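Count residues from 1 along the sequence. Quantities reported herein were computed from a predicted structural model and do not represent experimental measurements. Order of listing sets the numbers, starting from 1, for every ligand and every atom in it.
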Amino acid sequence: MVSDLDINKKYNAATLSLVLHFLDDKGSKLGLLNDIAQRLVPGSEFVIFDITGDESQIANNLKVLKSLLPDGLDSELIDQRLTRIKNDFFIVSENRLSDLCEEAGFEKPVRFFQSSIYMGWLTKKS
Ligand SMILES: C[S@@+](CC[C@H](N)C(=O)[O-])C[C@H]1O[C@@H](n2cnc3c(N)ncnc32)[C@H](O)[C@@H]1O
């Protein structure tokens, strides 16, 4: 866990890939972002990959994801997985992710990548 890392040792960069959507937005997302920010020197680059979007974006982008899957897969299983993504994960909007990053001590993040529901964000420790 990030919180186990010595807070006095500072790093020059960090990545957080496909983790945030597993964490609730009642303090867990912010807690992890804070833990990371506290271990970076100012100006350090921080890259986040995550499932991001408001309700309508996620609904639309799940359709895109489904259309990208190869033929021949079990369609019932696919629908179960896509429903799980929508209902069981803690997905936040782009604005909320931006606010969380800024609250944790990062600059406003810039989205540099998107493929269906997956987005890549670049920011820096303030
Ligand atoms: C989809 S994997 C991503 C792994 C890796 N970061 C990557 O991009 O290949 C999700 C990761 O989230 C971590 N994870 C899930 N729930 C978590 C939690 N509550 N707190 C911290 N990490 C969690 C899991 O340990 C797992 O490594």
- Pair Asp79 + Lys66, salt bridge at N-O below 4.0 Å: yes

- Please check atom 9 (O) of ligand 1 for a protein heavy-atom neighbour under 4.0 Å. no

- Item | Aromatic ring proximity Tyr118/Phe49, centre distance under 6.0 Å | no

- Among Ser17, Ser28, Ser3, which one has a heavy atom closest to atom 6 (N) of ligand 1? Ser17

- Query: Under 4.0 Å from atom 27 (O) of ligand 1, is there any protein heavy atom?
  - Reply: no

- Query: Does any N or O in the side chain of Ser44 come within less than 3.5 Å of the main-chain N or O of Tyr11, such that one atom is a donor and the other an acceptor?
  - Reply: yes

- Item | Lys/Arg N to Asp/Glu carboxylate O, Asp24 vs Lys29, below 4.0 Å | no

- the protein heavy atom lying closest to atom 1 (C) of ligand 1 turns out to be Leu18 O, 3.7 Å

- Can you tell if the side chain of Phe106 reaches within under 4.5 Å of the side chain of Leu40, non-hydrogen atoms only? yes

- Heavy-atom distance to atom 14 (N) of ligand 1: which of Val19, Asp24, Leu32, Leu23 wins? Val19

- Ile36 and Leu16, any side-chain heavy atoms less than 4.5 Å apart: yes

- Task: Would you mind checking which non-hydrogen protein atom is closest to atom 16 (N) of ligand 1, with the distance to 0.1 Å?
- Result: Phe22 CB, 3.7 Å

- Any protein heavy atom lying closer than 4.0 Å to atom 24 (C) of ligand 1? no

